[in-house]
2 protein chains.
Amino acid sequence: MSDVFKALADPTRRQVLQALKRGPKSAGELAGAFPVSKPTMSAHFAVLREAGLITAERQGKSILYHLNVSVLEEALLGFAGVFGLGSDANPGDPS
Amino acid sequence: MSDVFKALADPTRRQVLQALKRGPKSAGELAGAFPVSKPTMSAHFAVLREAGLITAERQGKSILYHLNVSVLEEALLGFAGVFGLGSDANPGDPS
DNA sequence: TAGACAATTAGCCAATTATCAAATTATTGT
DNA sequence: ACAATAATTTGATAATTGGCTAATTGTCTA
């Protein structure tokens, strides 16, 4: 879970996740949308992959990245829940 | 907002926030609860302060730290909302 | 005001991170 | 098999981070 928050600490990586919201995109397509080199983007993809936030799927010459919403949800809402935030009834200790 | 996610990237800092869930605690009290030196904890407090996640209040010799839940909520649920996660109806574009 | 206590700041080091250009791997089409 | 395309890996470097000890600042009390 720490890996997820570490991954989310970088603005570029958060934007990559948002870019994948609508559906999978290729590494090149994503790289083209940010003002950094392809190798740098590749490193960001690796961080996101290792956190489980995205998954890679080879499609011919390209590699398609998919957002893994459930991992994001578990981390974000899970942590929020500890503080009694979010939709939940009251999983945070109400003592 | 990036400051908040950066602050949340460190496990010790996340635990500090949880420790403050029940109410304010002094710097020393918090420092005593973690296996790192006081100066190191002080640096963590500074990061949390600059992110707006905690606020400091001098109380005699001690400094009391308060959790600022609203900042946490805004960051966590705000970002989650972008992905259509959370309690919200559907603020995420449902097109 | 001197001493004790609480916390931060200063100064340093090791490890990690973000970045790039160049080289490498993998795949497709000729 | 070769050339072209897509992406990653390698190798280098600068900046940031997390940690420590020692020194400093601020506050209380004797």
Side-chain angles (χ1 to χ4, degrees), chain A residues 1-20 22-68 71 75 79, chain B residues 1-20 22-68 72 75 79:
Chain A
M1 195 200 67
S2 209
D3 287 338
V4 173
F5 280 106
K6 282 241 182 107
L8 294 178
D10 184 273
T12 298
R13 289 195 290 260
R14 287 198 303 276
Q15 284 168 29
V16 167
L17 295 180
Q18 298 196 39
L20 292 177
R22 300 300 191 79
K25 283 191 170 39
S26 74
E29 202 173 353
L30 286 167
F34 295 86
V36 293
S37 72
K38 282 214 263 197
T40 294
M41 287 302 284
S42 209
H44 283 311
F45 298 152
V47 171
L48 291 168
R49 245 186 287 118
E50 274 145 41
L53 286 163
I54 62 176
T55 57
E57 178 202 1
R58 175 129 237 159
Q59 197 95 61
K61 278 186 281 197
S62 298
I63 291 186
L64 283 191
Y65 280 111
H66 301 254
L67 175 62
N68 194 342
V71 171
F79 189 67
Chain B
M1 195 200 65
S2 209
D3 287 337
V4 173
F5 280 106
K6 281 242 182 104
L8 294 178
D10 184 89
T12 298
R13 289 194 292 261
R14 286 197 303 277
Q15 283 169 30
V16 167
L17 295 180
Q18 298 196 38
L20 291 176
R22 300 298 193 78
K25 284 192 170 39
S26 72
E29 201 172 355
L30 286 167
F34 294 86
V36 294
S37 72
K38 285 217 264 198
T40 294
M41 287 302 284
S42 208
H44 283 310
F45 299 152
V47 171
L48 291 168
R49 245 188 286 117
E50 275 145 39
L53 286 164
I54 62 176
T55 58
E57 179 202 359
R58 175 129 236 161
Q59 196 97 68
K61 279 186 280 197
S62 300
I63 291 186
L64 283 191
Y65 280 112
H66 301 255
L67 175 62
N68 194 341
L72 189 62
F79 190 66

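Here is how names work: the chains are called A, B, and so on, in the same order as the sequence lines, proteins then strands, and each is numbered from 1. Given the structure is predicted, the values throughout are model-derived calculations rather than measurements.
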Item to check | Length of the line joining B:R49:CZ and C:dA7:P, which is rounded to integer Å | outcome: 12 Å

Checklist entry - What's the CG-P distance between B:L64 and D:dT27, to the nearest Å? => result 14 Å

Checklist outcome for this item: For nucleotides 22-30 of chain C, 5' to 3', base contacts (B), sugar-phosphate-only contacts (S) and non-contacts (-) with protein non-hydrogen atoms under 4.0 Å give B---SBS--

Next on the checklist: Suppose we screen for side-chain hydrogen bond (donor to acceptor under 3.5 Å, both in side chains). Which residues come up paired with B:N68, at least two apart in sequence or across chains?
Outcome noted: B:S70

Checklist outcome for this item: B:E50 atom CD is separated from D:dG18 atom C1', nearest whole Å, by 15 Å

Checklist entry - Taking OP1 and OP2 of D:dA6, is either one under 4.0 Å from a side-chain nitrogen or oxygen of A:Y65? => result no

Item to check | Heavy-atom side-chain contact between B:M41 and B:T12 under 4.5 Å | outcome: yes

Checklist outcome for this item: When rounded to whole Å, the CE to P distance for the pair B:M41 and C:dT9 reads 15 Å

Checklist entry - Residues in side-chain contact (heavy atoms from CB on, under 4.5 Å) with B:V4, at least two apart? => result B:L8, B:A51, B:L53, B:V71, B:A75

Next on the checklist: In this structure, how many angstroms lie between the P atom of D:dT17 and the CG atom of A:D10, rounded?
Outcome noted: 11 Å

Item to check | Residue list, side-chain hydrogen bond (donor to acceptor under 3.5 Å, both in side chains) with A:S42, at least two apart or on another chain | outcome: none

Checklist entry - Which ring pair (Phe, Tyr, Trp, His ring centres under 6.0 Å) pairs, counting each pair once, include a residue from residues 39-62 of chain A, with sequence neighbours left out? => result A:F45-A:Y65

Checklist entry - How would you list all residue pairs meeting side-chain hydrogen bond (donor to acceptor under 3.5 Å, both in side chains) that involve residues 52-63 of chain B, not counting sequence neighbours? => result B:E57-B:H66

Checklist entry - Is there a side-chain polar atom (N or O) of B:H44 under 4.0 Å from OP1 or OP2 of D:dG19? => result yes

Next on the checklist: Can you list, in residue-number order, the parts of residues 23-30 of chain B that come under 4.0 Å of DNA chain D, counting heavy atoms only?
Outcome noted: none

Checklist entry - Within the structure shown, what part of the strands sits under 4.0 Å from B:S62 by heavy-atom distance: base, sugar-phosphate, or nothing? => result sugar-phosphate

Checklist outcome for this item: Taken to the nearest whole Å, CD1/B:I54 to P/C:dA7 is 13 Å

Next on the checklist: Need one value for A:V47: base, sugar-phosphate or nothing, where a base atom within 4.0 Å counts as base even if backbone is also close, heavy atoms only.
Outcome noted: nothing

Item to check | Spacing of B:L67 atom CG and B:K25 atom NZ [to the nearest 0.5 Å] | outcome: 10.5 Å

Item to check | Pairs touching residues 27-39 of chain B that satisfy side-chain hydrogen bond (donor to acceptor under 3.5 Å, both in side chains), sequence neighbours left out | outcome: B:S37-B:T40

Next on the checklist: Is A:T40 close enough to C:dC20 that one of its side-chain N or O atoms is under 4.0 Å from OP1 or OP2 there?
Outcome noted: yes

Checklist entry - With sequence neighbours excluded, what pairs up with A:F5 under the ring-ring contact (aromatic ring centres under 6.0 Å, His included) test? => result A:F79

Next on the checklist: From CD1 of B:I63 over to P of D:dT27, roughly how many Å is that when rounded to an integer?
Outcome noted: 9 Å

Checklist outcome for this item: Closest to the 5' end of DNA chain C, once B:K38 and A:P35 are matched to their nearest nucleotides, is B:K38

Checklist outcome for this item: dist B:K6:NZ -> B:R13:CZ (nearest 0.5 Å) comes out at 10.0 Å

Next on the checklist: So, OP1 or OP2 of C:dC20: does either fall under 4.0 Å of a side-chain N or O from A:S37?
Outcome noted: yes

Checklist entry - To the nearest Å, how far apart are A:F34 CZ and C:dT19 P? => result 11 Å

Next on the checklist: Please classify the nucleic acid contact of B:S42 as base, sugar-phosphate, or nothing, using heavy-atom distances under 4.0 Å.
Outcome noted: base

